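Here the structure comes first, spelled out in structure tokens, and everything after it is commentary.
As a basis for the values below, the full set of heavy atoms in this structure was taken, side chains included, without hydrogen atoms, waters or symmetry mates. Proteins get letters first, then strands, A, B, ... in listed order; numbering begins at 1 in each. Quick caveat, the model's predicted, so the values are computed rather than measured.
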Amino acid sequence: MQKLKSIYNKLLKHFGPQHWWPGDTPFEIMIGAILTQNTNWGNVEKAIDNLKGARVLGARDLGKINLKKLGELIRPSGYFRVKARKLKVFCRWLIKQGGVRQLKKQNIQSLRPQLLEIWGIGPETADSMLCYALDKSTFVVDAYTKRIGNRVGLFKFQDYHQIKDFFEQNLPKDLDLYKEYHALLVELGKNYCKPKPVCDSCPINRLCKKKPLRGEEQRAC
DNA sequence: CACCAGGAATGTA
DNA sequence: TACATTCATGGT
């Protein structure tokens with residue numbers, strides 16, 4: 001579908017390359033993927049800074065650190081009790097797998113289901129890890145992707161894998177394209193595609209106005 | 001004050 | 001299958 005590339009080109013021209021994912025190492029990216037669940041990235045940075053300050057930003061450290069202490073360190077990221085448990089579960093799993101280097105050797109067909117079995121890791125978190133930390137070609141879908149796609153009229157469904165398949169089947173299988181496209185959709189969403197839209201200067205305004213959602217006819221997007 | 005943020009697990013019908 | 005609820009801090 002040419003429309004997908006057209007949107008991508010507009011976003012890239014408007015926002016420029018996003019060079020995602022922010023993070024120094026693949027492990028840090030994977031931890032960030034858990035911490036950023038339904039949370040502002042700025043808050044995640046504070047949590048990661050705390051982990052660095054406490055010198056526990058490693059699978060071994062996080063695997064054995066006191067659960068309550070870990071919760072205090074990541075408190076700024078929100079849901080800190082749940083996320084502390086998620087981090088420990090993931091790190092124990094990672095150690096058992098032999099670390100990030102071993103993960104990268106696996107193919108996505110076997111690795112993705114394994115990630116999804118881990119308590120606390122859903123489809124978006126798994127795909128974020130696969131795409132941005134492990135360099136596997138999988139398209140990441142998030143709340144913005146769903147919202148933008150439906151408002152623009154690209155598709156009419158909400159299911160994660162349906163949307164993921166839509167992008168992957170209508171784009172060339174290109175890791176860098178996947179990485180950049182998702183990052184650009186997030187940037188668009190943060191600025192112009194909130195639940196209560198502010199689309200007056202939306203860079204893909206013309207597309208948005210084609211098919212507004214029912215009940216949103218009076219909205220700009 | 002209300003609203004939102006780069007979700008996922010759990011429970012209900 | 002499709003929703004509703006819970007988890008929680010911090011910025012605007």
Side-chain angles (χ1 to χ4, degrees), chain A residues 8 11 15-23 26 28-51 67-91 93 112-134 136 138-151 155-164 167 177-200 202 215-216 219 221:
Chain A
Y8 175 80
L11 292 176
F15 292 111
Q18 300 299 301
H19 51 76
W20 266 27
W21 185 295
E28 186 177 326
I29 291 173
M30 297 177 100
I31 294 308
I34 293 175
L35 290 176
T36 198
Q37 289 173 357
N38 201 41
T39 301
N40 182 320
W41 178 255
N43 289 350
V44 176
E45 286 186 313
K46 294 169 187 169
I48 292 180
D49 285 346
N50 288 344
L51 294 176
L67 187 61
K68 190 167 183 179
K69 172 64 70 179
L70 177 56
E72 289 309 312
L73 290 172
I74 66 169
R75 182 165 224 168
S77 70
Y79 306 128
F80 60 91
R81 296 183 192 85
V82 177
K83 285 176 179 175
R85 202 180 322 143
K86 290 180 179 181
L87 288 183
K88 300 206 68 158
V89 170
F90 170 71
C91 286
W93 175 86
R112 190 172 190 277
Q114 294 182 58
L115 287 172
L116 291 176
E117 284 180 14
I118 302 171
W119 184 86
I121 296 186
E124 181 184 343
T125 305
D127 286 327
S128 295
M129 290 177 169
L130 290 166
C131 179
Y132 292 103
L134 303 176
K136 306 297 183 185
T138 186
F139 199 90
V140 182
V141 174
D142 71 333
Y144 289 131
T145 312
K146 295 181 188 177
R147 191 181 305 149
I148 292 168
N150 278 288
R151 284 188 185 165
F155 43 79
K156 303 285 187 205
F157 34 81
Q158 302 292 325
D159 177 74
Y160 183 95
H161 290 99
Q162 248 184 303
I163 297 174
K164 168 183 163 65
F167 279 92
L177 174 64
Y178 286 3
K179 286 182 176 178
E180 197 57 52
Y181 208 145
H182 170 67
L184 285 167
L185 285 174
V186 171
E187 194 61 23
L188 173 66
K190 287 199 295 192
N191 292 292
Y192 302 107
C193 205
K194 307 256 182 169
K196 298 182 177 180
V198 185
C199 298
D200 293 341
C202 175
E216 293 187 328
R219 294 178 177 175
C221 202

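- Using a 4.0 Å heavy-atom criterion, one finds that A:Ile121 contacts the sugar-phosphate atoms exclusively.
- Within 4.0 Å of A:Ala143, counting heavy atoms only, lie sugar-phosphate atoms of the nucleic acid but no base atom.
- Look at CG on A:Asn191: it is 11 Å from P on B:dA5, rounded to the nearest Å.
- Comparing C:dA8 with B:dC3, their C1' atoms sit 15 Å apart, to the nearest whole Å.
- Remark: side-chain polar atoms of A:Asn50 are paired, donor with acceptor, to backbone N or O of A:Leu73 under 3.5 angstrom.
- For the pair A:Gln37 CD and B:dA8 P, the interatomic distance rounds to 5 Å; values are reported in whole Å.
- Of all nucleotides in DNA chain C having an atom under 4.0 Å from a heavy atom of chain A, the first and last in 5' to 3' order are C:dC7 to C:dG11.
- Remark: the A:Thr39 side chain and the A:Lys83 side chain contain an N/O donor-acceptor pair separated by less than 3.5 Å.
- Across all strands shown, A:Gly78 has heavy atoms under 4.0 Å from base atoms, whether or not it also approaches the sugar-phosphate.
- Atoms CG (A:Asn38) and P (B:dC3) sit 16 Å apart, rounded to a whole Å.
- Between the CH2 atom of A:Trp119 and the P atom of B:dT10 there is a distance of 7 Å, rounded to whole Å.
- Taking the six-membered ring for Trp and thresholds of 30 and 60 degrees, A:Phe15 and A:Tyr192 have ring planes inclined between 30 and 60 degrees apart.
- If you measure from atom CE of A:Met30 to atom C1' of B:dG7, you get 17 Å, rounded to the nearest angstrom.
- In this structure, A:Tyr79 does not reach the B:dA5 phosphate: none of its side-chain N or O atoms is under 4.0 Å from OP1 or OP2.
- Atom-to-atom distance recorded for A:Asp127:CG and A:Tyr160:OH is 3.5 Å, nearest 0.5 angstrom.
- Ring geometry for A:Phe139 against A:His182 counts as perpendicular: the plane angle is over 60°, on a 0 to 90° scale with 30° as the lower cut.
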- request: Walk me through it: do A:Lys86 and A:Thr125 pass the test side-chain contact (heavy atoms from CB on, under 4.5 Å)?
  value: CA-CA 12 Å; A:Lys86 290 180 179 181; A:Thr125 305; over 6 Å; no

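- A donor-acceptor distance shorter than 3.5 angstrom exists from the side chain of A:Tyr132 to the backbone of A:Lys179, with no hydrogens or angles considered.
- One atom, OH of A:Tyr160, and another, C1' of B:dA9, lie 17 Å apart when rounded to the nearest Å.
- No contact: A:Leu116 has no heavy atom under 4.0 Å from any strand.
- The CD1 atom of A:Ile163 sits 9.5 Å away from atom CG of A:Asp142, with the distance rounded to the nearest 0.5 Å.
- One atom, CD of A:Glu187, and another, C1' of B:dA5, lie 13 Å apart when rounded to the nearest Å.
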message: Is there a side-chain contact (heavy atoms from CB on, under 4.5 Å) between A:Leu115 and A:Trp93? Walk through the geometry before answering.
response: CA-CA 9 Å; A:Leu115 287 172; A:Trp93 175 86; 3.7 Å; yes

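- Summarising the geometry, the separation between CG on A:Asn43 and P on B:dG7 is reported as 13 Å, rounded to the nearest angstrom.
- Within residues 80-89 of chain A, the residues that have a heavy atom under 4.0 Å from DNA chain C are, in order of number, A:Phe80, A:Arg81, A:Val82.
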